[in-house]
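One structure below.
Starting from 1, each residue takes its place in the sequence as its number. Heavy-atom basis, side chains included; hydrogens, waters and symmetry copies ignored.
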Amino acid sequence: GENRPSSWTEVLRNDQFKETLVEFSVQSWEDNGLVSILKEKTLYANGGDVCYSFKIRDGRMVKNVEPFLCCTHKEADSRMVYHLKSISAPNTVVLRTADTDILVIVLGCFSSLDQEVNPWLEVGLYSKNTLRYKSVNLLSMKLGDVFCRSLPAYHACTGCDYTAAFSRKGKVQPFKLLEKNRNIQDLFGELGQY
């Protein structure tokens, strides 16, 4: 029989397992049995640093490398924004993630996106009746371009996934200062450009 891991959490933290799982997922789309699922849509999937497209042609699944969509970003957060920037307009895009880093990065880069690309962030869970869609366009307009551009550098300094906050200051007090001070917004906005 097969050896099953005692802790799936530990397995999912293993980088080699994650890479193998992604590779397996990408390869699984080559199966012609999935033609009825894909229909007239195009699926784009990253495997390592390569981006593939899957389309139906003459009733068969066709896989191609998409050289202009290949990227070497290591984090899924920045890969999502990289791909968002390559979407042709007009288009509506739903970003499915539970990670606030994505929203911060998209808001920070929003002014460089094609203005006819309309990104939405899916938040909450269907199973708990909390599923909602938030318009990044509306949020960006409400916050303003300068403030949005300052968010990625602010977020990096105050704490991302692993860093808690400014030492003994938390996140709320520095955020209030950022909201009120255009000079700090400009500074963080410039820092975020590098």
Side-chain angles (χ1 to χ4, degrees), residues 22 25-26 28-30 34-126 130-156 160-161 178-179 182 185-186 188-194:
V22 168
S25 298
V26 170
S28 69
W29 278 100
E30 295 180 52
L34 299 174
V35 167
S36 62
I37 294 173
L38 195 56
K39 298 180 182 174
E40 73 283 346
K41 296 180 178 93
T42 302
L43 171 73
Y44 295 94
N46 279 309
D49 295 339
V50 181
C51 184
Y52 301 97
S53 66
F54 295 89
K55 298 178 186 180
I56 308 304
R57 252 189 232 125
D58 300 323
R60 299 195 51 80
M61 188 72 73
V62 177
K63 174 183 169 185
N64 289 308
V65 173
E66 298 293 331
F68 295 109
L69 295 177
C70 295
C71 72
T72 57
H73 293 250
K74 296 299 175 200
E75 293 292 324
D77 305 355
S78 56
R79 279 186 185 230
M80 289 175 75
V81 175
Y82 175 83
H83 289 297
L84 183 62
K85 285 183 149 197
S86 67
I87 292 174
S88 60
N91 229 321
T92 299
V93 179
V94 175
L95 302 169
R96 291 185 175 109
T97 180
D99 193 346
T100 56
D101 292 358
I102 297 293
L103 177 60
V104 168
I105 295 168
V106 172
L107 285 171
C109 298
F110 191 77
S111 62
S112 65
L113 295 177
D114 188 314
Q115 294 307 298
E116 291 187 49
V117 172
N118 187 14
W120 290 75
L121 192 69
E122 182 182 279
V123 297
L125 299 169
Y126 178 79
T130 59
L131 187 66
R132 303 289 182 269
Y133 295 91
K134 302 294 182 181
S135 170
V136 177
N137 287 14
L138 293 176
L139 188 55
S140 176
M141 284 190 294
K142 185 175 181 177
L143 296 174
D145 185 51
V146 174
F147 186 74
C148 286
R149 278 187 280 125
S150 72
L151 289 175
Y154 166 80
H155 189 56
C160 302
D161 292 340
L178 179 67
E179 278 182 309
R182 174 70 185 251
Q185 291 175 23
D186 288 334
F188 276 114
E190 286 180 35
L191 181 61
Q193 299 302 308
Y194 299 102

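Between the CD1 atom in Ile105 and the OH atom in Tyr82 there is a gap of 15.5 Å [rounded to 0.5 Å]. Atom SG of Cys109 sits about 11.0 Å away from atom CG of Leu151, to the nearest 0.5 Å. Between the CG atom of Leu125 and the OG1 atom of Thr130 there is a distance of 4.5 Å, given to the nearest 0.5 Å. If you take CG on Leu34 and CE on Met61, they are separated by 5.0 Å, rounding to the nearest 0.5 Å. Taking NZ from Lys142 and SG from Cys148, the interatomic distance works out to 12.0 Å, rounded to the nearest 0.5 Å.
Side-chain atoms of Glu116 and Asn91, non-hydrogen and from C-beta on, never get closer than 4.5 Å to each other. Asn137 has its side chain within reach of Pro119: a pair of non-hydrogen atoms, C-beta onward, lies under 4.5 Å apart. Contact annotation: the side chain of Gln115 approaches that of Phe110 to within less than 4.5 Å [non-hydrogen atoms, C-beta and beyond].
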Only pairs under 3.5 Å count here: list side-chain donor-acceptor contacts from residues 41-60, not counting sequence neighbours, and write none if there are none.
residue : atom : partner : partner atom : Å
Asn46   : ND2  : His83   : NE2          : 2.9
Asp49   : OD1  : Arg79   : NH2          : 3.2
Ser53   : OG   : Glu66   : OE2          : 2.6

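Of all the heavy atoms in Val117 and Ala89, the pair that sits closest is CG2-CB, 4.1 Å. The two residues Glu30 and Lys63 come nearest to each other via the heavy atoms OE2-NZ, 2.9 Å. Listed here is the closest heavy atom pair of Arg96 and Met80: O-CE, 4.3 Å. When all heavy atoms of Glu122 and Tyr133 are compared, the pair lying nearest together is OE1-OH, 2.9 Å.
Under the side chain to side chain contact (heavy atoms under 4.5 Å, CB included) criterion, Leu139 pairs with Leu103, Leu107, Leu143, not counting sequence neighbours. Judged as a side chain to side chain contact (heavy atoms under 4.5 Å, CB included), and not counting sequence neighbours, the contacts of Asp145 are Ser111, Arg149.
No option in Val136, Leu84, Thr97 other than Thr97 meets the side chain to side chain contact (heavy atoms under 4.5 Å, CB included) test with Ile102.
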